[in-house]
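In what follows, chains carry the letters A, B, and so on, assigned in the order in which the sequence lines appear, proteins first and then strands, with residues in each chain numbered from 1. The structure displayed is predicted, hence computed values, not measured ones.
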2 protein chains.
Amino acid sequence: MRPIQFVAKTAGVSVATVSRVLNNSPLVKESTRKKVMETIRALEYEPNSLGRELRRAETRRIMVLTPSLVFPIMADVYKGIQDVAQKNGYQVLVCASEDDHDKEEELLQMLKKKIVDGVIIVASTLSAEELDQLAKDYSIVQCSEYEQVQHAYSVSVDNEQAAFDAVSHLLSLGHRRIAMVKGGNAKSSSAAREQGYRRALESAGIEVRQEWIRESDYEYQNGYDLAVEWLQAAEHPTAIFCSSDATAIGCVNGAISLGKSVPDDVAVVGFDDTVESLMSRPPITTVRQPKYDLGRAAMEALLQSLRGEAGENKTILLPHEIVIRESTAKRSG
Amino acid sequence: MRPIQFVAKTAGVSVATVSRVLNNSPLVKESTRKKVMETIRALEYEPNSLGRELRRAETRRIMVLTPSLVFPIMADVYKGIQDVAQKNGYQVLVCASEDDHDKEEELLQMLKKKIVDGVIIVASTLSAEELDQLAKDYSIVQCSEYEQVQHAYSVSVDNEQAAFDAVSHLLSLGHRRIAMVKGGNAKSSSAAREQGYRRALESAGIEVRQEWIRESDYEYQNGYDLAVEWLQAAEHPTAIFCSSDATAIGCVNGAISLGKSVPDDVAVVGFDDTVESLMSRPPITTVRQPKYDLGRAAMEALLQSLRGEAGENKTILLPHEIVIRESTAKRSG
DNA sequence: CGTCCTTATGTTTTCGTATTCATACATTAT
DNA sequence: ATAATGTATGAATACGAAAACATAAGGACG
């Protein structure tokens, strides 16, 4: 409410002394420190951050930029970020771009306007060039989705290998006709996962069929519709690998709506290991990302960048894991 | 990067003129406005918000305080808030308290420190007194969960009536033995919904059984376990009303795991109409809250409060709706 | 022709804090 | 006793922008 001057006057000292107390400078006699602390408490004085930040030219705040609050891995990533941030005296703000490029640019203005010291981008509509340009001047870390650029850190999993492992799991169960529901083409992970899918099939000597690779928006209905379409065809896949758990559950329910059984008639694999993957009947096999650790690592990288420590390796990959549940099982045929 | 002085010098005018251009004052000749705009663009000048906000004593930013990013109605509420905020030149920051009281208090310090102009609280660990105290000095709106206090606005649905309607729906289908999975007792909606449940049963002349009212954390597993427990008892409920969709799906799957059929052996009703309610097999009947509109209304109330316009009625209730799906059906017996 | 508005611009102060610089006093060394 | 050091404090300035205040030029009007 009242400025530092008021505290100073009330305590009978100068503003400099109050400021020194606030920032625990050793250059204050114990008795005056006590006196000042006392009046600060009595007046319920809270330093105005705007004044402080203007003076210090840092806010100790960072922003997490996500396409949406329900982005599947967001909640856990946030916890990881949050925990590291708190330990280091930083506050975390979340902003959703709703996949709107203008909106996103507006939010990123917060860097230029000094509202936040740095940004963790979970997924972005920015091009690699735009991103690199921005990262030249500001501290930016990509988490999960990322573009390979020179100036920004990236923390993610090896999406190509993860997809390879997921499809290899299906191959090991005897599946030969495996379809894939990709994510949107705008996402960098999408291409990597398709690559992994192709490599797995090819290394098993199986021809990739273009009609069995379809794009989706990661949503439930999309998976449902694709499963229905595929399974009604004369020759249909016996397994489907999805880029999200929601589409995977859609595939399961779509298959069952046709009277098929999961996993006997068709096996399904999801991605992310979200809570929903357990709510499906049967529960779905999925690729687990270390969501919390991704958040932690991203925040740690950001701190490093904020401190001006130049990390030599800017791309950090954390291990994934195939979580096997009842939606996949050994194939007899 | 560079301050307004630099722009002024480069353009050959005073800082006041540049400031006037920035704030489109009419007191600038068209030619000089052009000239200044030109150099602003050329220098890629962005006004430093800290300076501006310090001077203006407002940030045009607001915070949304939620227990968690995955709070069921959060994503849509956010969109509603966001849309209204944007139209009015406000930026929206989301912070999650993780249901930690200390954390929440720290976040609310952002009000005192002038980092945000106001707060929308989606659910809180604060007591009514703490909240009212804070609302005396700052602009605060409660959205969804709320305490009845004098100084803060509240935007919500009539939880008592919503529960009454949901249970009435079950009664109308012929159910007489209806159990309820409550939310946590800390939530204000919890008591209201239980009240509605009781009123519905009583007005149908049915005795309320204490063992058929159980508390939960809104999570899937909780619903699953409760359904299994109830349905294994000698005399079991034929319908379950849940305070969240996740517990409802848990109930469905728990029942099915015992070989029961939904809705024939047991009907299930959820709450919130989240995306998961459609991912269940069968899809679940649920109580829809106008999530987006709750967000809109909350932001509008906040704007009103920020402008110092005293609304006479501080509690706003929006209409709910029972969405009937396959998890409930007419009972033969 | 001088006074009185308008219009357009420049100069100075202000917001609240941190920091640099200056100062006063006490202590120790010479 | 005086200079040198150290400790504790106050005064003044800087941060960047907005706004209050000041001024100058150009008409309108008596």
Whole-Å distance between dC15(C) P and Glu58(B) CD? 17 Å
Mark yes or no: Lys314(B) above the aromatic ring of Tyr153(B), with NZ or CZ under 6.0 Å from the six-membered ring centre and no more than 45 degrees from the axis. yes
Minimum heavy-atom separation for Gly295(B) and Ile81(B), please, with both atom names. O-CG1, 3.4 Å
Indicate for each nucleotide in nucleotides 9-21 of chain D, in 5' to 3' sequence, whether protein heavy atoms under 4.0 Å reach the base (B), only the sugar-phosphate (S), or nothing (-). BBB--BBBBBB--
Note the angle between the end axes of the helix from dC1(C)-dG30(D) to dT30(C)-dA1(D), five pairs defining each, rounded to 10 degrees. 70°
Thr315(A) and Gln148(A) side chains, donor-acceptor separation under 3.5 Å: yes
Please tell me whether Tyr138(A) and Asp117(A) have a donor and an acceptor in their side chains that are separated by less than 3.5 angstrom. no
note: Lys35(A), atom NZ; dA8(D), atom P; distance rounded to Å ~ 14 Å
We want to know whether Ser156(A) and Gln142(A) form a side-chain donor-acceptor pair, criterion being a heavy-atom distance below 3.5 angstrom. no
Residue Glu309(B) excluded, over 12 heavy atoms near CD under 6.0 Å: yes
When you compare the side chains of Glu53(A) and Thr59(A), does any donor N or O come within less than 3.5 Å of an acceptor on the partner? no
When you compare the side chains of Ser124(B) and Glu104(B), does any donor N or O come within less than 3.5 Å of an acceptor on the partner? yes
